[in-house]
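Whatever order the structure lists them in is the order used to number ligands and atoms, beginning at 1. Note that the numbering runs from 1 along the sequence shown for the chain.
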Amino acid sequence: MELNLIQEKFKSLFETSGDIYTSPGRINLIGEHTDYNGGFVLPGAIDKAMYCDIKPNGTDTVRAFALDLEEYAEFGLGENDLPAKSWAKYIYGVCREMIKRGATIKGFDTVFAGDVPLGAGMSSSAALESCFGYAINDIYKLSFDRFELAKIGQATEHNYVGVNCGIMDQFASCFGKEGSLIRLDCRSLEYQYVPFNPKGYRLVLVNTCVTHELASSAYNKRRQSCENVVAAIKKHHPAVELLRDADLDKLKEVANEVSPEDYIRAEFVIEEIQRLLDIPAYLEKGDYETVGKKMYETHIGLSRKYEVSCPELDFLNDIARECGVSGSRVMGGGFGGCTINLVKNELYDGFIKRAIESYEQKFKIKPKVYDVVIKDGARKL
Ligand code: GLA
């Protein structure tokens, strides 16, 4: 990232200089759509991030410039000051969520940019929220801890963006650690760092470069299905608060009380939560072939049961299988974006060549490839 471009723009717009903060996007090895069900996830922060130059301006107005889009916005921080531009809503939302939690925030000037690809399932929006959350917390000495910053980012999605997301993305962006994945219990927010250095393998993302519309409403609908099933199970088992507390037997009991669609969604989630429990032990043993098999299982579940895949992602998954890639699956919310692939070193070149050529031939779009590098979370530079 060309930080000096951000700094130069800041100087030319605001005739002063500020401080630079950053927060990254994330990958997730396995554990998809489990976070809002209280289950486990295994994400890691990556070397693609959002960066902002920021300084209080002594007024009540935020003056913000999105360098990648060449767009400017000005807004106040009152309850009724929601800006029109979608990127500005994230910054405003973070401020509002902090104010709701008792913070005093005044106006500031900022220029931001990033290299997290948009709509690729790598959490560019969480990176933006966490970058500003961390920065504003620091410049106004607000003393929110990283847990609260992650929750502030998540609440921004819920209340100002309209996506009822879980906590995984913001947590990974705030808590990322170089070289480690994070095994996060999304209910208690207990977490452990799991060193990830798969000898003999590479982790690579292949971006379909498509984002299907309505992804956010489809996402919210999935979450609603899970909640419907929990409500049904709870009638028989009052202790069940989230699908995390259920199992396949409890699900079967309510087969006639929920819609077939809700049933199959919940079945996927319960299976996925279970899959996750086994993974750290395999990682510890260095058994990446089994980890990879589980990734394929996740893909099949996400595609056929949870129905958040798309032809482009399924195509890349098939290619991975045909090339002998150890593990491959759709990553993130779905409906486009990337597959994440665990591939033996010696198969890497052949797989990438075949994935690019055959995808381009079929969909007339050149996919993008990113080698995953696990990096630190939100920080001041
Ligand atoms: C999106 C959401 C996350 C999570 C994933 C699916 O990235 O923001 O909270 O639900 O989808 O695992």
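Considering both main-chain and side-chain atoms, Tyr219 comes within under 3.5 Å of ligand 1 through a nitrogen or oxygen pair. Note: no N/O pair closer than 3.5 Å links Gly31 and ligand 1 by distance alone.
Interface atoms of ligand 1 facing Gly166, defined by a heavy-atom separation under 4.0 Å, are 9 (O). Per-residue contacts place Gly332 under 4.0 angstrom from the following atoms of ligand 1 (heavy atoms of the residue considered): 6 (C), 11 (O). Of all atoms in ligand 1, listed by their number and element, those nearer than 4.0 Å to a heavy atom of Tyr36 are 10 (O). Atoms of ligand 1 found under 4.0 Å from any heavy atom of Cys165 (numbered from 1 in listed order, with element): 2 (C), 8 (O), 9 (O). For ligand 1, the atoms sitting less than 4.0 Å from at least one non-hydrogen atom of Met168 are 4 (C), 5 (C), 12 (O), numbered in the order shown with element in parentheses.
For Tyr191 and Asp185, the side-chain atoms include no donor-acceptor pair closer than 3.5 Å. With 3.5 Å as the limit, one finds a donor-acceptor pair spanning the side chains of Glu289 and Tyr201. One side chain, Lys55 or Thr16, offers a donor N or O that lies under 3.5 Å from an acceptor on the other. Counted by atom type alone, Glu97 and His158 present zero donor-acceptor pairs between their side chains at under 3.5 Å. Using modelled atom types and a 3.5 Å distance limit, the side chains of Asp314 and His299 yield a donor-acceptor pair. Arg321 and Ser328 are not linked by any side-chain donor-acceptor pair at a separation below 3.5 angstrom, with hydrogens and angles left out of the test. In the model, Arg26 has a side-chain atom that pairs as donor or acceptor with a side-chain atom of Ser123 under 3.5 Å.
The option from Arg26, His33, Met122 that lies nearest to atom 12 (O) of ligand 1, judged by heavy atoms, is His33. The closest non-hydrogen atom to atom 1 (C) of ligand 1, taken over Val308, Leu302, Asn28, Asp169, comes from Asp169.
Within 6.0 Å of the CD atom in Glu346, the count of heavy atoms belonging to other residues, nucleotides or ligands exceeds 12.
Of the heavy atoms in Met331, none comes closer than 4.0 Å to ligand 1.
Nearest non-hydrogen protein atom to atom 9 (O) of ligand 1 is Asp35 OD2, 2.5 Å.
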